[in-house]
Amino acid sequence: MKIPELLAPAGNMEKGLTAIEYGADALYLAGKQFGMRAQAGNFELHEIGQIVEVAHKRGVKIYVTVNVMPHNNEIDSLPPYLEELEELGVDSIILSDPGVLQLAKEFAPSIPLHLSTQVSTVNYRAAQFWANAGISRIVLARELSRDEIASMRQNTDVELEIFVHGAMCMAYSGRCLLSNFLTGRDANRGACAQSCRWKYAVVEEKRPGEYFPIEEDERGTHIFNSKDLCLIDYIPDLVQIGVDSLKIEGRMKSAYYVATVVRAYRMALDLYAEDPENYSLPNEIREELDKVSHRPYWAGFFAPTDAGIHYATSSYVQTHDVVGVVEDYDVEKGQAVVLIKNRLCAGEKVEIMEPRGPVTALTISEMIREDLGEPVDEVHANYRVRIPMPLVKPFAMLRVER
Ligand code: SF4
């Protein structure tokens, strides 16, 4: 029995290091050059080098997305970039364009090549085609059922990666210009503004401001709105099918989101590996996934239900908010040094979620601001405080129920 790799998004260095601590086997990330240039985050080349070094020491792999659809004027800058990536020792390049595939084989010949989900591979003949062209792994389209993935596995030897958690498109993954057209943010450069989730109406062009009253319910119409994918209930099926990698969506999501989701899937996979015969997913693990911002979950095309993909509002669901991240622990004083992420008050009850550890409850007895050296009753984002608590690991997260 082979337990699939757990692959996490790394929108920046903080999120990447967090994912490693919380149990990811591999990270995918974008460089600034061929990632989403207009957005904050992503990695400079030297940062890719740094995270490769840290990750490799921990046995974690680094995959770099070069899955833009480059135009002619971008082609000349690809060879030096691909050469740099090879020199930095990244473990794969994720691409979607045949021109980039050719260039990667020529200028980064030692790096395994993964085919992006944006190619929408939905049959095994297409998978065989890409394998013959030099692709070692295919990130399958999200629009596949359990049986179709199993059939794909039986008919090809190429590695298969599937999305198990996160946002879904109303188009074939990313093959959509809504965001680009409405905001200038290109889904094909990882910068989608999720414009499909917005509230739409019909307006006749000669009557601006007069909205044609189409209604699904009292809140209006959310015609393109999708629930979020969650396959944590299907770990045994995923292992038995023989997929190689389970991918979590969300390079734009917070470090807290990455920590919580990676931790839940890590625990589920480890539990299954320990005793597959008697495995059942504990409720506490499933419930962890409700403590991050999300839309209602469904199992996508993997195991469709009558409830369907459509979500009738544009709002998110979240029961908990992160309030701080542990940066250090002072053993002598029994205090954690916490970087505050959201307002926190003395006397509040928090949960502490530890990397590869338990979730414990704590009432904040005291907070001492690092810059003042004095106790405070209330503290806001970006301050550092010392909080007395039992020993915790760095990267532990403090959260409160809202
Ligand atoms: S706007 Fe929606 S459908 Fe289009 S790429 Fe973004 S998430 Fe997908």
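First listed ligand is number 1; within each ligand, the first listed atom is number 1.
- Applying the 4.0 Å criterion to heavy atoms of C176 picks out, from ligand 1, the atoms 1 (S), 3 (S), 4 (Fe), 5 (S).
- One N or O on the side chain of S179 and one on the backbone of A193 form a donor-acceptor pair closer than 3.5 Å.
- Atom CG of residue D330 and atom CZ of residue R386 lie 4.5 Å apart, to the nearest 0.5 angstrom.
- For C196, heavy-atom contacts with ligand 1 shorter than 4.0 Å involve the backbone as well as the side chain.
- Each of the following atoms of ligand 1 lies closer than 4.0 Å to a heavy atom of C192: 1 (S), 5 (S), 6 (Fe), 7 (S).
- Residues Y297 and V292 share a closest heavy-atom pair of OH-CG2, 3.9 Å.
- For atom 5 (S) of ligand 1, the closest heavy atom belonging to the protein is A187 CB, 3.5 Å.
- The atoms of ligand 1 that sit less than 4.0 Å from any heavy atom of S195 are 1 (S).
- To the nearest 0.5 Å, the span separating CZ on R266 from CG on D25 amounts to 4.5 Å.
- Between the CD atom in E288 and the CD atom in E351 there is a gap of 7.0 Å [rounded to 0.5 Å].
- Checking E5, H165, E161 one by one against K247, the side-chain hydrogen bond (donor to acceptor under 3.5 Å, both in side chains) holds for a single residue, E161.
- Ligand 1 places these atoms under 4.0 Å from at least one heavy atom of C169: 3 (S), 5 (S), 7 (S), 8 (Fe).
- For atom 3 (S) of ligand 1, the closest non-hydrogen atom on the protein side is M170 N, 3.4 Å.
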